[in-house]
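Worksheet for the structure shown next.
Whatever order the structure lists ligands and atoms in, that order sets their numbers, starting from 1. This one's a predicted model, so the numbers in the text were calculated from it and none came from an experiment.
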Amino acid sequence: MKRIDLNGFWNVRDNEGRFSLDGTVPGVVQADLVREGLLPHPYVGMNEDLFKEIEDREWIYEREFEFKEDLKEGERVDLVFEGVDTLSDVYLNGVYLGNTENMFIEYRFDVTNILREKNHLEVYIKSPIRVPKALEQNYGVLGGPEDPIRGYIRKAQYSYGWDWGARIVTSGIWKPVYLEVYRARLQDSTAYLLKLEGKDALVRVNGFVYGEGNLSVEVFVNGEKTGEFPVFEKNGERLFDGVFHLEDVRLWYPWNVGEPYLYDFVFVLKDSNGEIYREEKKIGLRRVRIIQEPDEEGKTFIFEINGERVFAKGANWIPSDNILTWLTDEDYEKLVKMARSANMNMLRVWGGGIYEREIFYRLCDELGIMVWQDFMYACLEYPDHLPWFRKLANEEARKIVKKLRYHPSIVLWCGNNENNWGFDEWGNMSRKVDGINLGNRLYLFDFPKICTEEDPSTPYWPSSPYGGEKANSEKEGDRHVWYVWSGWLNYENYEKDTGRFISEFGFQGAPHPETIEFFSKPEEREIFHPVMLKHNKQVEGQERLIRFIFGNFGKCKDFDSFVYLSQLNQAEAIKFGVEHWRSRKYKTAGTLFWQLNDSWPVFSWSAVDYFKRPKALYYYARRFFAEVLPVLKKRESKIELLVVNDLRETKEVSLRLAAYERTGEKVFEKTYRTVLPADGVCSVDRIELPDDLFFFVEAEIDGVKYRNYRVFRKWRDLELPDPEISLEDMGDFIELTAKSPAFGVKILSDEVPEDDFLFLEPEKSITIKKPDGIRGVKSLYDYLKR
Ligand code: BMA
């Protein structure tokens, strides 16, 4: 096999004759226009609007290339587009090869008989606005939020605008293009656990073969040959399919349950003369089940990996850029590693974005992070009653499942985001054709069948949320909790929610101050300045930020304190929800907050902003997702101390609970030694104490300390005194000590600190790594208006 790369600069021009420039492949014209200075940076000020003016243009990508290979007997050449955004016609040397109509899948054209020594390749990209609009006129307006024309085109739905995303409707060739010369090739080889008896595993391998002749596939695992399987024909396709035994098997686990072990698999396609083609993949073997058993609250929804229940801790993942081709592998590495170091064991790839890049799943495989993978349908009716659309959706699902199925991290295929909730409760998504909601042909019939056929080792779930009488049931399945924040209710309401698996809940916070500096001028830094409103995409987003800051903290002093307090409020809110749901362990079996990342610099629900600067929530997540979490709750007139233990063993723990007056005077202290059940929750004590005190708790297991605090009253009523925090420079570290309870302690430094938004128990020092350019600390006290 030989690959001839066709990436690099192509000639690009628009159909109206305004632009003619070098277009990068892989790339999109929007990025080229910014690079050439023909359009300003879309993420600054009001510039996003300028991109609307060019969104409905058509673009012609052209290039010349030479082809000098001497093709051997039986060899063919494919022209491969890994991804075109989105609708295009492809011509080689004036010959029409075909069209592309789905940005999520690969297109291949056999060009063996069209290639010459000098070649001309042309890709005519049609408007991602006009085509779906014409379809909309023909077939009707689809129900749901954001621009509903998006339902008629298989393109990342968030690019038409979202409540955290810019509207930048991109066009281009967004993934690599190359020629592939081969006689026969393998694709989508995979391996999975068929049966496990003790340490003896039965492993099934299969994959697809393209090419003629008498062929077979040899499979090697960690360098050892485990079998050779003949290639045969089934339903018009050629494939190999076999099983073999693996002794002393090492399974793949999420990081907090076991080792995310990966085997080196090599699949070698051969004929009587030897090797023709090979696929090399790191594959993990695991068994996944969702335990759905009736109980007194309804039905459980628990992920079980290799027979072990796992409480899912994590967040929702959205595309990390509006211009996807700006993302590098390093960006992925940084973000996924940040998720891991925030103690997350699950990420949900949300259905309004993209099927992620290979590197994303590879990192999740290696780091032991489970992936909840949506199909790319979000908050809309989709026209699956139209045969052409249904066919396209089926083709996409099958290709995607085949391509990604070998990743052990993908533990769930999920039909869509919130569409079934929309059918049941949103009012504007209830249209049915032949008694079936628009989209349900896919989610209820086609996708489950495709998943069982192509990836029997991974469960399928129709939607998020789904289960129970109505899709967003509290009693069964997964649940999105949006009455807090979106419904203008404050976060104490989380405590009333007994959902079985909380796959979305969120609270907005400002991006990092330096990120705000990137998109605004000093005079624009006002809460309701048009530039700020442009950078908060939710209807009444800024209004909600104010309502909750005022409601919980009191008035803001200035714009800086608005930024800070919004972040602290967000972190406190999500902490509160997570503590509640983790304390219900396995009644509730997961909390994935909305959302980990951002696609541009914006006020949003993210924990990490566009430039990957952590918000307060990020630092909080590390603590509230830690393996051991001491929690304080109010039970009638008593204060209850609970410990949530995700560790897999029974552990001896020492605990210290202390309560203080606002001035820093200690009024209560008690220590405990007790045994924590493995993977369980333990109620340690219930104490009669007033709830206007400041509570601090510390748990110590095997020399590791897990700390927490609880303030039961509203911050706005507390009149916190100045905690007089002292900062001692200890060389590589700094030590912080406060006189009275201190919260939201923020390190002021040039370098992003390793830990931040800390809390300090009076007179108990904490030590953190010293960031570069440290200038001091501030805390909640400094940001409140008095
Ligand atoms: C959920 C998500 C997204 C949205 C978020 C915030 O509904 O699925 O559609 O961005 O809430 O409103």
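For the pair W350 and ligand 1, the shortest N or O to N or O distance falls below 3.5 Å. Backbone and side-chain nitrogen or oxygen atoms of W164 are examined, and one is located within less than 3.5 angstrom of a nitrogen or oxygen of ligand 1.
Counting only heavy atoms of the protein, atom 12 (O) of ligand 1 lies nearest to D163 OD2, 2.5 Å.
Interface atoms of ligand 1 facing C379, defined by a heavy-atom separation under 4.0 Å, are 9 (O). Near N417, with a cut-off below 4.0 Å to any heavy atom, the atoms of ligand 1 are 8 (O), 9 (O).
Neither the backbone nor the side chain of H480 comes within contact range of ligand 1; no heavy atom lies under 4.0 Å. Under 4.0 Å from ligand 1, the heavy atoms of E504 that appear belong solely to its side chain.
Note on ring orientation: taking the six-membered ring where Trp is involved, the planes of Y43 and W326 are perpendicular (angle over 60°, cut-offs 30° and 60°).
Atom CD of E469 is separated from atom NZ of K475 by 7.5 Å, given to the nearest 0.5 angstrom. Distance CH2/W174 to CZ/F104: 7.0 Å, rounded to 0.5 Å.
For H535, the side chain to side chain contact (heavy atoms under 4.5 Å, CB included) test picks out F519, V531, W600, with sequence neighbours left out.
Between D497 and H580, the shortest heavy-atom contact is O-NE2, 2.7 Å.
Distances from atom 3 (C) of ligand 1 to the heavy atoms of W421, W162, W605, W482 put W162 nearest.
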Evaluate S463 against N419 for side chain to side chain donor-acceptor pair (under 3.5 Å), listing each step before the verdict.
CA-CA 7 Å; S463 184; N419 296 345; over 6 Å; no
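Within the 4.5 Å cutoff, the side chain of S464 has heavy atoms near those of the D478 side chain.
Assignment of A378 to the shell around ligand 1 is not supported, since no heavy atom sits closer than 4.0 Å.
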